[in-house]
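Numbering starts at 1 and runs along the sequence shown.
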Amino acid sequence: MTILDGKKTAAKIRAELKERVSRLGFQPKLAVVLVGNDPASAIYVRNKRKACEETGIGSVLVTLPETATQEEAESAVDALCKDNAIDSILVQLPLPAGLNEERILGIIPPEKDADGFCYENAGRVALGERGISACTPAGVMELLARAGICVAGKRTVVLGRSKIVGRPMAALLLNADATVTICHSKTKNLTEECLRAEIIIVAIGKPNFLTADMVSEGAIVVDVGINRDADGKICGDVDFEAVKEKAAYLTPVPGGVGPMTIAMLLRNTVEAAERKK
């Protein structure tokens, strides 16, 4: 079994991006909007800003209190959209209850969409056209490609249909000529569907959900989940210890898809700056 090491791969991508930044002639800038005081969101934002610093990308943090109104949140994002010094904008999710996420994300113009969540970019990717891809699915594709894994023609199962991972993941796989099945909570005979797959990508948010009896010998398994088990330890959606005995390739949690997500956020920012230049 081969570990798909997202940490090492992301480090290589950051080094490549640093080289591209040095050729730009100006410093790209990513703006992050953080609303509220969710501890996990604060950690994610800190990690993203640290990765920006390592790559030579400038980062601007806009913080709003938990009590921020819809108008205040929209106004903060709109100001960043109008700022020519800002190349890419990310609104850290989830937002506090009461805020309309779609309206806030909808303000961001497609060219400054760091996360690939705006309707125009999501639509372009879904239609197989050029657009900014959602960071986590793009990170999965990059991790597979750099490991020499060609998805074309392979039977692939995506567990989960969220707008953030499952749906854009399926679109990117389809664009790369994979044969794609999306499974979810209403899917019948889920184990049988998984056993037919050569590649399984799991993004459902349930600790150790994918077990060894759901995986065929030699399958490629990508774990997008980040959870905490009963002991408070970070784990994924895949029962790693059991599945590693059957899979040919497997991502760890942590150290698998997570670092790749941040690497793709940085790539989206650098590419936005290159387009501006």
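Asp231 contributes no side-chain N or O that, together with a main-chain N or O of Lys233, makes up a donor-acceptor pair within less than 3.5 Å. Under a 3.5 Å cut-off, the side chain of Thr9 and the backbone N or O of Asp5 do form a donor-acceptor pair. Looking at Glu66, its side chain does come within 3.5 Å of a backbone N or O of Asn37 through a donor-acceptor pair. Here the side chain of Asn175 pairs a donor or acceptor atom with the backbone of Val125 at under 3.5 angstrom.
The side-chain contact (heavy atoms from CB on, under 4.5 Å) test with Asp239 is passed by exactly one of Asp213, Asn208, Asp223: Asn208. A side chain to side chain donor-acceptor pair (under 3.5 Å) with Asp87 is found for exactly one of Lys112, Gln27, Lys276, namely Lys276.
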| Step-by-step salt bridge (charged side-chain N to carboxylate O under 4.0 Å, His left out) determination, Arg20 to Glu274 | CA-CA 9 Å; Arg20 287 165 67 174; Glu274 289 171 340; 2.8 Å; yes
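Linking Ile, Leu, Val, Met, Phe, Trp and Tyr residues whenever their side-chain heavy atoms come within less than 4.5 Å leaves Leu143 and Leu210 in two separate clusters.
Residues Arg124 and Glu120 are paired through a salt bridge, judged by an N-O separation under 4.0 Å between the basic side chain and the carboxylate. One finds no salt bridge joining Arg130 and Glu271 here, because no Lys/Arg side-chain nitrogen approaches an Asp/Glu carboxylate oxygen to under 4.0 Å. In summary, Glu102 and Lys163 engage in a salt bridge, as defined by a charged side-chain N under 4.0 Å from a carboxylate O.
Scanning all heavy atoms of the two residues, the minimum distance from Leu99 to Ala68 falls at CD2-O, 3.6 Å. Shown here for Cys135 and Thr261, the closest heavy-atom pair between the two residues is CB-O, 3.5 Å. The shortest heavy-atom contact between Leu30 and Ala114 is CD1-CB, 3.9 Å.
Looking at Lys206 and Asn227, their side chains never come closer than 4.5 Å, going by heavy atoms from C-beta outward. Asp237 places none of its side-chain heavy atoms less than 4.5 Å from the side chain of Val224.
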